[in-house]
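Reviewing the structure listed below.
Quick note: numbers below take in every heavy atom, side chains included, and nothing from hydrogens, waters or symmetry partners. Everything quoted here is computed from the prediction, not taken from an experiment. Start at 1 and go down the list; that is how both ligands and their atoms are numbered. In this chain, residues are counted from 1 in sequence order.
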Amino acid sequence: MDSRQHYILQRIIELNCFKEGKFTLKNGSESNYYINLRNLIREPEVIKVICELIYDKINFLSWKDFVICGLPYAGIPYAQGYSIIYNTPSVFLRKEQKKHGMNNMIDGLEGLDKKKVLLIDDVITSGSSNQESLVHFEKEKLEVIGTIVIMDRRIENTGLIENVNSLFKLEDLLQYNSYRKANLLQETQLLSSKTEESRKSYGERVGLSNNKMFNFLLNLMEEKKSNLAVSLDYTSLKQIYKVLSVIGEHIVIVKLHMDIIEDFDMDLCSQIVKLSKDLKFVIFEDRKFSEIGSIFQKQYQGGMYRISEWANLVNFHLISGDSNIQLFDKIYNPEDQAGLLVAQMSNKGNLFSKDYTNQVIEIGKRYPSVCGFISQKKIAGNEFLYLTPGIGISKEGDNLDQQYKSPQQALIIDGTDIIIVGRNITQSKSIIKSTLLYKELGWNSYLLSLRK
Ligand code: 6AU
């Protein structure tokens with residue numbers, strides 16, 4: 001399920017379109033659930049996203065050359081939205097026959113050169129309304145090639161209705177609802193069981209460290225109402241620039257792996273720096289330095305990437321000791337640069353131990369250039385930032401070693417400050433929508449974590 005599907009299920013619940021209890025349905029049967037999607041149409045964004053999902057479905061089914069028609073009344077807003085967005089002719093089916101003029105049941109047919117029609121409806125319960133409408137199209141010699149419904153809540157598919165495709169099944173909604181409830185429960189349990197001192201807001205922590213980047217990021221998060229870092233692990237810098245021009249205003253950090261770039265170009269890099277100033281985000285090169293000192297210096301300042309010229313943040317593995325961070329402390333620009341120490345990792349099978357993490361924290365405390373840690377939890381005091389990668393709302397990993405946890409888990413339960421989201425944004429169908437989704441989840445979770 002992609003972020004747009006999550007978004008629609010989320011709005012269905014938030015707009016009270018789904019209720020649990022004892023209900024009698026239109027066909028007389030009893031149900032434990034009530035679904036009425038009418039409230040959705042008051043949100044243009046929801047209609048737009050539903051139209052996008054319909055478009056994907058139609059492409060998947062290779063349906064072409066049709067006119068679109070919404071079944072009255074609930075299907076009409078989506079059919080009209082689709083018609084406008086995707087430049088597709090539409091016809092209009094009446095609920096009751098017109099009593100004057102041509103006595104039409106379907107409007108818009110005159111001069112129409114298409115012979116196929118695609119129906120749109122919001123919910124299918126038994127399929128009776130769908131069946132009843134077919135006769136009107138037959139009468140006009142239009143072939144109904146299929147129906148797309150937003151929600152299929154049929155208990156069983158009787159096979160009576162052909163070619164009904166749905167964006168969601170009742171099970172999807174139930175599954176999402178229990179996932180949501182579990183998260184809320186987890187959040188409430190956490191909030192009620194919190195005995196430790198309550199968390200300080202980003203704003204309240206400004207000044208706890210002299211590190212300028214620490215203070216800058218705390219202020220930036222408050223200003224943008226965002227604690228989202230995006231890991232743009234593309235192999236093209238041009239693509240990174242393009243995506244950043246769209247999402248840059250919503251994030252506080254962009255994380256890069258410059259050594260996987262295939263079209264590296266210092267000029268383009270400078271343009272990204274300019275963009276970072278215009279849209280206010282920080283550039284983090286995830287190089288994880290871990291060399292002997294002299295090699296580190298060359299890796300940081302030299303080679304083709306000249307990282308020190310454009311990266312605000314860089315990170316270090318301390319497996320080789322503190323020589324790299326010691327050197328960094330002397331050569332970084334405290335005005336707009338800082339270091340992060342990798343204290344824990346997200347992937348399966350990593351060798352990080354409690355003892356190692358503690359040693360990393362102790363080293364971190366000794367160097368003013370260190371503004372925080374890459375970690376899975378808040379591992380030390382409020383004078384450091386905690387950046388957590390391995391974030392995704394679907395709990396599956398990536399079929400390799402990556403392990404994901406939700407923004408709620410990271411921010412409320414594990415107490416981190418900044419979520420780093422990679423492929424759950426870059427590989428989603430709409431980068432901007434998933435950016436906004438993670439921004440909202442991240443910020444709401446942070447606000448919840450502040451409650452006593
Ligand atoms: O969200 P993903 O799985 O697409 O990407 C996660 C990003 C990758 C990793 O190199 C990085 O986060 N990462 C790190 C970092 C930031 O150092 C540490 C870690 O423990 N796990 C991890 O995935 O670019």
Under 4.0 Å from ligand 1, counting heavy atoms only, is it the side chain of Arg423, its backbone, both or neither?
both
Looking only at protein heavy atoms, identify the closest one to atom 21 (N) of ligand 1 and say how far it is in Å.
Ser346 OG, 2.7 Å
For Lys439 and Ile251, indicate whether the former's side chain and the latter's backbone hold a donor-acceptor pair under 3.5 Å.
no
Please could you name the atoms of ligand 1 that Met345 approaches to less than 4.0 Å, counting only its heavy atoms?
18 (C), 19 (C), 20 (O)
Ligand 1 to Gly422 polar contact by distance, N or O atoms, under 3.5 Å
yes
With a 3.5 Å distance limit and no angle check, can you tell me whether Gln409 reaches the backbone of Ser406 through a side-chain donor-acceptor pair?
no
Does atom CD (Glu14) have a neighbourhood of more than 12 heavy atoms from anything else shown, all under 6.0 Å?
yes
Specify the protein heavy atom at minimum distance from atom 18 (C) of ligand 1: its residue, its atom name, and the distance to 0.1 Å.
Pro389 CG, 3.4 Å
Kindly check if the number of other-residue, nucleotide or ligand heavy atoms within 6.0 Å of NZ (Lys19) is above 12?
yes
Any heavy atom of Asn315 sitting closer than 4.0 Å to ligand 1?
yes
Consider only side-chain N and O atoms of Asp322 and Tyr367, and report whether a donor and an acceptor are under 3.5 Å apart.
yes
How about Phe296 and Phe316: are their ring centres within less than 6.0 Å of each other?
yes
Would Tyr404 count as being in polar contact with ligand 1, using the rule that some N or O on each side must be under 3.5 angstrom apart?
yes
Donor-acceptor pair, side chain of Tyr202 and main chain of Asn227, under 3.5 angstrom
no
Short N/O distance, under 3.5 Å, between His257 and ligand 1?
yes
Any donor and acceptor pair, going by atom type alone, linking the side chain of Asp414 with main-chain N or O of Lys378 inside 3.5 Å?
no
Is there a heavy atom of Gln427 sitting under 4.0 angstrom from any atom of ligand 1?
no
Verify the neighbour count for atom NZ of Lys280: are there more than 12 heavy atoms of other residues, nucleotides or ligands below 6.0 Å?
no
How far is atom 8 (C) of ligand 1 from its nearest protein heavy atom, and which residue and atom name does that atom have?
Asp233 OD2, 3.4 Å
re atom 16 (C) of ligand 1, the protein heavy-atom contact at minimum distance is Asp286 OD2, 3.3 Å
So, does Asp398 sit close enough to ligand 1 that a heavy atom of it is under 4.0 Å from the ligand?
no
Can you tell me the protein heavy atom closest to atom 23 (O) of ligand 1 and the distance?
Gln402 NE2, 2.8 Å
